[in-house]
Amino acid sequence: MVRECVLDRDVEAVLLVVRHASGPSLGRKSEKVRELVTDDFYDFSKIEGELTGYDACFFCLGISSVGMKEAEYRRVTFDIAVAAARAVSKMNPGMTLVHVSAAGADSSERGRAMWARVKGETENAMLRMPFKSAYVFRPGLIVPMHGIQSKTASYRVIYGVLKPILPLLLRVFPRHVTTTEQIGRAMLAVVKRGYAKAVLEAGDIASVG
């Protein structure tokens, strides 16, 4: 996502809100990019003054639910997203939000799969926030490009095993497999031009990106 923002001529500035400084990688060394380090993702009041003056918020934080209880998973998946959305919408009422969720999220919030219920609850909360417009992305399998690596160890193992066939999967299942580049381009596209649906599945993301 950072790479696509840096390459896009319409993007003038990028603010990355992070827990730790990441160093000069994935476009972060560009003059467009500034990192804002905070140790509290549940309360952005200390830094909200730094969050003003932006047209879009791309919320891309996510973790695997494997081995987690619902309350723990909800605290990371739902609580952080809501805290961030409240802070940026307060400072930028004309902003567009793009929230990255996952294929299979349960917007009814009543399904059996814990992770899908929490994801669906989070999506619904994001779409109710007072933004100019808001979109939810539900990618399926994501093919990492340009040196991007998942921070989740289990995902890195899976991608390592599938790496030889990822290009084939992308061609054969374009409605279920998406690249990080396509997602980044699609996020920028919906901010600039909008989209007919608020929730974009993998096929929508691929066509837009």
Side-chain angles (χ1 to χ4, degrees), residues 1 16-19 38-48 51 54 56-142 150-155 158 175-178 180 182-184 186-187 189-191 194-206 208-209:
M1 182 67 250
L16 303 179
V17 182
V18 297
R19 285 196 180 99
T38 179
D39 59 0
D40 190 352
F41 272 22
Y42 297 96
D43 181 4
F44 293 90
S45 60
K46 296 177 183 178
I47 63 168
E48 64 180 16
L51 305 178
Y54 293 91
C57 173
F58 298 142
F59 189 89
C60 307
L61 185 150
I63 59 169
S64 170
S65 65
V66 175
M68 300 182 73
K69 294 183 178 180
E70 183 165 351
E72 181 184 9
Y73 183 66
R74 187 180 186 279
R75 177 162 169 75
V76 176
T77 301
F78 180 88
D79 291 356
I80 292 178
V82 168
R86 283 176 176 165
V88 295
S89 62
K90 174 185 176 182
M91 305 308 294
N92 306 277
M95 173 180 277
T96 295
L97 170 74
V98 181
H99 175 82
V100 179
S101 183
D106 177 17
S107 57
S108 76
E109 304 179 28
R110 295 192 297 269
R112 291 185 177 183
M114 177 273 285
W115 73 267
R117 287 197 310 272
V118 175
K119 285 283 191 183
E121 181 186 10
T122 306
E123 291 179 356
N124 292 337
M126 295 298 98
L127 293 174
R128 289 194 297 265
M129 288 286 176
F131 291 99
K132 181 184 73 173
S133 54
Y135 300 94
V136 167
F137 276 32
R138 290 179 174 176
L141 178 64
I142 301 174
S150 172
K151 293 184 178 181
T152 304
S154 60
Y155 289 177
I158 293 171
R175 299 189 64 82
H176 303 282
V177 182
T178 323
T180 51
Q182 285 176 319
I183 294 173
M187 293 171 79
V190 298
V191 170
Y195 196 69
K197 300 188 295 183
V199 178
L200 287 78
E201 304 290 348
D204 300 308
I205 297 168
V208 174

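For reference, positions follow the sequence shown, starting with 1.
Residue M187 holds its CE atom at 8.5 Å from CG of L97, rounded to the nearest 0.5 Å. Interatomic distance, NZ of K132 versus OG of S89, reported as 14.0 Å (0.5 Å rounding). Rounding to the nearest 0.5 Å gives a distance of 8.0 Å between CD1 of I63 and CD1 of I80. Rounding to the nearest 0.5 angstrom, the gap separating the SG atom in C60 from the CZ atom in F137 is 9.5 Å. Once rounded to the nearest 0.5 Å, the distance linking CZ of R138 with OG of S107 reads 5.0 Å. We find the CZ-CD distance between R128 and E123 to be 11.5 Å, quoted to the nearest 0.5 Å.
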Evaluate the criterion side-chain hydrogen bond (donor to acceptor under 3.5 Å, both in side chains) for residue pair S108 and D106; output intermediate values, then yes/no.
CA-CA 5 Å; S108 76; D106 177 17; 2.6 Å; yes

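Contact detail for S133 and T96: the closest heavy-atom pair is OG-OG1, 2.9 Å. Summarising the geometry of A116 relative to G104, their closest heavy-atom pair is CB-O, 3.4 Å, with the distance given to 0.1 Å. The heavy-atom pair separating S101 from K119 by the smallest distance is OG-CD, 3.7 Å. The two residues A202 and G140 make their nearest non-hydrogen contact at CB-N, 3.8 Å. A134 and A198 make their closest contact through O-CB, 4.0 Å (heavy atoms, listed as atom of the first residue, atom of the second, distance). Here the closest non-hydrogen pair linking M114 and S65 is CE-CB, 4.1 Å.
Put simply, the side chain of V17 reaches to within 4.5 Å of the side chain of F41, judged on heavy atoms. Put simply, the side chain of H99 reaches to within 4.5 Å of the side chain of T122, judged on heavy atoms. With contacts defined as side-chain heavy-atom distances shorter than 4.5 Å, the pair V82/M126 qualifies. For the pair T38/D43, no side-chain contact is recorded, criterion being any heavy-atom separation below 4.5 Å from C-beta on. A heavy-atom distance below 4.5 Å is not found between the side chains of Y135 and V100. Side-chain contact between M1 and I183: absent, with no pair of heavy atoms (C-beta onward) separated by less than 4.5 Å. The closest side-chain heavy-atom distance from M68 to W115 is not below 4.5 Å.
Under the 4.0 Å criterion applied to side-chain N and carboxylate O atoms, K46 and D40 are not assigned as salt-bridge partners. Taking 4.0 Å as the cut-off between side-chain N and carboxylate O, R74 and D79 count as a salt-bridged pair.
A cation-pi arrangement, defined by a distance under 6.0 Å to the six-membered ring centre and an angle within 45 degrees of its axis, is absent between R117 and Y73.
Side chain of Y195 to backbone of L200: no donor-acceptor contact under 3.5 angstrom is found. Remark: side-chain polar atoms of D204 are paired, donor with acceptor, to backbone N or O of E201 under 3.5 angstrom.
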